[in-house]
Amino acid sequence: MAAAPQQSPRPITPRLPAGPTFDQELCGLVLDTAPRLFAVVQVSGEGLPDVDGWVVAWGVADHSGLAHVIGIDGQARMTLTSPDRALRHFAGRSGITARLVWLAQSSAAAVDRAEAA
């Protein structure tokens with residue numbers, strides 16, 4: 001007959017990491033260094049009752065101040081010294097103005113694509 005296994009007098013508690021996990025550190029790094037995302041919109045009839053607007057380009061502004069902009073049709077691609085410089089490229093036609101609309105800074109990041117959705 002086999003001997004019964006002896007039970008440990010003290011339960012073993014697994015040690016949890018003292019600080020954040022590596023994935024949490026990566027997510028924090030991403031949030032700290034993320035570029036700002038903005039849209040360039042054109043507006044027709046500003047100040048009139050039938051005002052209309054549409055997105056003509058998307059851009060990212062990095063921490064150096066540069067802005068990388070691509071038109072929604074994929075034809076216009078530019079790197080500019082600031083996001084405001086994109087306005088002159090998309091304004092100018094009579095009755096059409098352009099403005100930037102900034103997306104809010106993200107407050108969360110995830111390593112897993114499904115978690116980020």
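Closest of all the heavy-atom pairs between G65 and P83 is O-CD, 3.9 Å.
Cluster membership check: V55 does not share its hydrophobic cluster with I96, using side-chain heavy-atom separations under 4.5 Å among Ile, Leu, Val, Met, Phe, Trp and Tyr. A continuous path of Ile, Leu, Val, Met, Phe, Trp and Tyr side chains, each step under 4.5 Å between heavy atoms, connects L87 with F38, placing both in one hydrophobic cluster. The hydrophobic cluster containing L31 does not contain L103, counting ILVMFWY residues as joined when their side-chain heavy atoms lie under 4.5 angstrom apart, directly or transitively. Note on V60 and W102: separate hydrophobic clusters, where clusters join Ile, Leu, Val, Met, Phe, Trp and Tyr whose side-chain heavy atoms are under 4.5 Å apart, directly or indirectly. The hydrophobic clustering, which links ILVMFWY residues whose side-chain heavy atoms are closer than 4.5 Å, places V40 and I72 apart.
To the nearest 0.5 Å, atom CG of residue L80 and atom CG of residue L66 are 8.5 Å apart. Distance check: W58 CH2 to I70 CD1 gives 12.5 Å after rounding to the nearest 0.5 Å. Note that the CG atom of D52 and the CD atom of E46 stand 11.5 Å from one another [nearest 0.5 Å]. Distance check, rounded to the nearest 0.5 Å: CG of D84 to CZ of R99 gives 13.0 Å. If you take CG on L29 and CZ on F22, they are separated by 9.0 Å, rounding to the nearest 0.5 Å. Of the inter-residue distances, the one linking H63 atom NE2 with D32 atom CG reads 8.0 Å to the nearest 0.5 angstrom.
Between the side chains of D62 and S64, at least one donor N or O lies within less than 3.5 Å of an accepting N or O.
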Item to check | Verdict with reasoning, V69 to H89, per side-chain contact (heavy atoms from CB on, under 4.5 Å) | outcome: CA-CA 11 Å; V69 180; H89 294 280; over 6 Å; no
